Amino acid sequence: MFDTQPSREEILALITPLKDQPGPLLVMLHAIQTQAGYVPASVIPVLADELNLSRAEVQGVVSFYHHFRDRPPARVRIEVCRAESCQALHGDRLAAHVEQRTQLRFGESSADGSVSLHPVYCLGLCSASPALMIDGAVHARVTPERFDELLAQAEAKP
Ligand code: FES
């Protein structure tokens, strides 16, 4: 596991064995995010040098894919389904409750970085709407009261 601010040597040790893979930039970015939890700004010039790309090209790829984060992830990540089936089954009410309870709008993170709130578009649980994910765990038929319980459990985790 990387430090959140890896040295050039640490970055090179991770990415050099991946240089011959097809689409090496994406492979390297995935490896870096797996190690650090996000793509630190310090890796951009190293990747650019190693792959003969401009820094802007590397940064453009990081920005283009929503999967890549440019800052450490929040301790609790909430993803609420905003697609049709969930909306038809009180998803709007749930979404409004989540925003009110977390004091966040969709796409925001709390100032202390502890919680982030994201929209997702169908979790494959349409028959058990409304659905959401907290830290990657999927929950179906979520009421506002159930959300409060789930959030309290997630926040209590060490
Ligand atoms: S629409 Fe929400 S899970 Fe499919």
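Bear in mind that the values here come from a model prediction, so they are computed numbers and not experimental data. Counting starts at 1 for both ligands and their atoms, following the listed order.
- Proximity of Pro6 to Ser42: side-chain heavy atoms (C-beta onward) are separated by under 4.5 Å at one or more points.
- Here the NZ atom belonging to Lys19 is positioned 6.5 Å from the CE atom belonging to Met28, to the nearest 0.5 angstrom.
- Aromatic ring orientation, His30 versus His67: tilted (interplanar angle from 30° to 60°).
- Sorted by chain and number, the protein atoms of type N, O or S within less than 2.8 Å of atom 4 (Fe) of ligand 1 are Cys122 SG, Cys126 SG.
- One distance of note links CG of Asp148 with CD of Gln153; it measures 11.0 Å at 0.5 Å rounding.
- The list of salt bridge (charged side-chain N to carboxylate O under 4.0 Å, His left out) pairs with a residue in residues 59-78, not counting sequence neighbours, reads Arg77-Glu79.
- Each of Glu99, Arg101, Glu108 was evaluated against Leu117; a single residue qualifies, Glu99, per the side chain to side chain contact (heavy atoms under 4.5 Å, CB included) test.
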